Structures are given as structure tokens and as C-alpha cells.
Amino acid sequence: REPRQLSEDQQRALRILASQVVALLQQRQTINFLEKREEELRRLTNRLLLAAKAGEIGVWDYDIEKNILVWDEQMYCQFGISAEQYSSVFDAWEKGVHPSDLECERWKLKEALRGKEGFNTEFRVIWPEDGSIHIIKFVAMILCDETGGPGHLIGASWDITDRKDAENELREAKQIAESASNAKSQ
């Protein structure tokens with residue numbers, strides 16, 4: 001028995017159905033691909049969050065166009081404050097930075113925002129609760145927007161007070177040892 005011939009309408013309907021099946025299969029492949037990428041992104045984010053927490057690294061993001069600065073919880077800890085104490089993160093930053101360092105740090109920030117480079121700086125922070133001084137390391141990079149201009153300044157920071165104190169103690173011990181050696185040889 002010979003196969004039945006399909007009418008033109010039936011052939012057209014079959015081609016439409018076949019193209020829809022192909023489109024659905026392609027859509028499913030795209031969804032699978034995106035789900036895998038989303039899971040990879042989730043894993044990477046969790047690893048980075050764990051590393052930042054373990055290293056007591058603060059992470060921040062400044063949206064240049066919208067003029068919005070966002071800190072994570074560790075940033076507030078580095079400044080010895082809580083998020084509720086200030087209405088603006090900029091205000092918290094300006095009030096926290098040691099007055100002798102503030103103008104220089106403002107200038108460095110403006111320079112970073114002008115170019116396509118980030119910045120790498122250290123400055124002192126005064127904790128309002130006890131007046132103690134902490135030294136914070138800031139490292140940031142520019143992320144460009146669609147036009148190629150600076151869109152975001154993202155950064156990380158950590159407290160290097162203990163390291164700086166150890167460096168100072170080592171320098172002082174070296175000076176004492178050199179003075180003692182010089183006095184002995186005279």
C-alpha cells in the first residue's frame with residue numbers, strides 16, 4: 001500500500017509544527033545552559049563570600065551614575081559602626097576617615113573616578129565608640145558601562161592595623177639593636 005499524500009495545507013501545518021518543536025528544543029537547551037551557569041555563579045558567589053568572611057574583607061560597590069555606595073557588613077565593622085548609625089554610607093566614610101587623611105583620600109577617589117583605573121590606598125579610621133585608630137587598606141577597580149565610561153567602582157578593604165603595628169615594632173627593635181651594636185663597637 002502506498003503512503004498517503006499530504007495536502008499542501010497539511011504539509012504547511014507539519015512544517016510549522018516541526019519548526020515549533022525545534023524552537024522548543026532550542027529553548028530547552030538554552031534554559032539548561034542558563035540553569036547550569038546560574039548554579040556555577042551561585043557556587044562562585046558562595047566561595048567568594050566565604051573567602052571574604054574568613055579574611056575579614058569588606059566589599060563595597062559605588063554606582064557612579066546613580067551616586068549610590070553600598071557596603072557589606074564587614075565594612076561597617078572596619079569603621080567600628082553599625083549601618084543604623086548613619087543615613088548615608090558616604091557620611092559614614094567621611095566621618096570615619098581620620099581628618100588628617102580625608103582630603104588626600106577624597107582626591108585619590110576623584111582621580112580614580114576620572115580615569116579607568118581603580119585605586120590602592122591605606123588610611124586611618126577613628127572608631128567613634130572608643131576613639132581607637134585603625135589602618136584600613138582599600139583596593140578598588142573601575143567597571144565600565146555600556147559606553148566604555150566608568151560605571152561602577154568596586155572594592156575590597158581590610159584592617160591592616162596589626163600588620164602596621166608589627167612593622168613598627170620590628171623597625172623599633174632594629175633601631176635599638178643597631179644603636180646597641182654601635183655603642184658596643186665604640
Side-chain angles (χ1 to χ4, degrees), residues 1-94 96-97 105-106 108-123 125 136-160:
R1 175 171 164 187
E2 283 192 37
R4 190 175 105 199
Q5 286 287 352
L6 298 176
S7 70
E8 282 187 37
D9 289 340
Q10 289 173 324
Q11 289 177 16
R12 194 174 314 116
L14 195 54
R15 279 193 297 275
I16 291 170
L17 182 60
S19 68
Q20 289 174 343
V21 167
V22 168
L24 284 172
L25 289 173
Q26 289 173 336
Q27 187 178 34
R28 186 68 219 153
Q29 284 179 322
T30 301
I31 289 170
N32 287 343
F33 174 80
L34 292 174
E35 285 173 346
K36 286 179 184 176
R37 295 301 164 262
E38 186 178 342
E39 181 58 30
E40 288 173 15
L41 184 58
R42 194 174 9 264
R43 281 192 204 126
L44 177 60
T45 300
N46 287 337
R47 289 196 306 258
L48 291 173
L49 287 171
L50 178 61
K53 185 175 183 176
E56 296 179 339
I57 297 171
V59 180
W60 51 275
D61 181 352
Y62 175 49
D63 184 323
I64 297 166
E65 184 180 323
K66 295 178 184 170
N67 196 31
I68 298 172
L69 177 62
V70 177
W71 280 4
D72 71 355
E73 190 59 37
Q74 186 60 38
M75 289 295 302
Y76 291 99
C77 292
Q78 291 172 6
F79 278 67
I81 60 173
S82 67
E84 297 77 33
Q85 287 178 267
Y86 293 90
S87 60
S88 148
V89 177
F90 281 114
D91 189 39
W93 181 77
E94 290 213 330
V97 174
E105 295 308 317
R106 280 182 184 149
K108 289 177 187 177
L109 178 60
K110 285 178 187 171
E111 287 299 303
L113 293 174
R114 263 191 253 233
K116 293 188 178 180
E117 290 185 22
F119 68 111
N120 184 339
T121 188
E122 298 173 4
F123 55 85
V125 168
I136 305 297
K137 174 79 172 175
F138 254 52
V139 178
M141 64 185 272
I142 292 283
L143 297 180
C144 295
D145 61 17
E146 314 78 47
T147 67
H152 282 254
L153 184 65
I154 60 168
S157 67
W158 54 99
D159 189 323
I160 60 170

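The basis for the numbers below is simple: all heavy atoms, side chains too, and nothing from hydrogens, waters or symmetry mates. A quick note: this is a predicted structure, and the numbers were derived from the prediction, not measured. Throughout, residue positions are numbered sequentially from 1 according to the sequence presented.
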Taking ring-ring contact (aromatic ring centres under 6.0 Å, His included) as the definition, give me every residue that meets it alongside Y86, ordered by chain and number, with sequence neighbours left out. none
Considering all heavy atoms, the nearest D145-P150 contact: OD2-O, 4.0 Å
For D9 and S7, test the side chains for any donor-to-acceptor distance below 3.5 angstrom and give the result as yes or no. no
Please check: side-chain N/O of Q11 versus main-chain N/O of L6, any donor-acceptor pairing under 3.5 Å? yes
L34 side, atom CG; L41 side, atom CG - distance, nearest 0.5 Å: 11.5 Å
Working to the nearest 0.5 Å, report the span between CD1 of I142 and CZ of R114. 12.5 Å
Taking the side chain as everything from C-beta on, heavy atoms only, tell me whether T121 gets closer than 4.5 Å to E105. yes
Thinking salt bridges, do E73 and K53 make one under a 4.0 Å N-O criterion? no
Would you name the heavy atoms of G148 and C144 that are closest together and state the gap between them? O-SG, 3.5 Å
If I compare all heavy atoms of E122 with all of I160, which pair ends up nearest, and what's the gap? CD-CD1, 3.5 Å
For the pair E40 and K36, find out whether any cationic side-chain nitrogen is under 4.0 Å from an anionic carboxylate oxygen. no
So do M75 and V59 actually touch side chain to side chain, heavy atoms under 4.5 Å? no
Are L109 and L153 packed together at the side-chain level, in the sense that at least one heavy-atom pair is separated by less than 4.5 angstrom? yes
List the steps and the verdict of side-chain contact (heavy atoms from CB on, under 4.5 Å) for E56 and Q78. CA-CA 9 Å; E56 296 179 339; Q78 291 172 6; 5.6 Å; no
Rounded to the nearest 0.5 Å, how far does OG1 of T45 lie from CG of L50? 12.5 Å
Nearest-0.5 Å distance, NE2 of residue H152 to CD1 of residue I68: 9.0 Å
If you compare all heavy atoms of Y76 against all heavy atoms of S82, which two are closest, and at what distance to 0.1 Å? CD2-C, 3.8 Å
With the threshold set at 4.0 Å, does a side-chain nitrogen-carboxylate oxygen contact exist between E111 and K108? no
Got a sec: does the CD of E35 have more than 12 other heavy atoms crowding it under 6.0 Å? yes
CD1 (I57) and CG (L49) are apart, to the nearest 0.5 Å, by 11.5 Å
Which is it for Q27 and L24 under the side-chain contact (heavy atoms from CB on, under 4.5 Å) test, yes or no, and what are the steps along the way? CA-CA 5 Å; Q27 187 178 34; L24 284 172; 3.6 Å; yes
Any non-hydrogen side-chain atom of Y62 less than 4.5 Å from a side-chain atom of L113? yes
Do you know which two heavy atoms are closest between A92 and I81, and how far apart they sit? CB-CD1, 3.6 Å
Parallel, tilted or perpendicular: which fits the ring planes of F79 and F138, with parallel below 30° and perpendicular above 60°? perpendicular
Heavy-atom count around E39 CD within 6.0 Å, excluding the residue itself: above 12? yes
CE/M141 to CZ/F119 distance, rounded to the nearest 0.5 angstrom? 13.0 Å
Is the closest side-chain donor-acceptor distance between N32 and R28 under 3.5 Å? yes
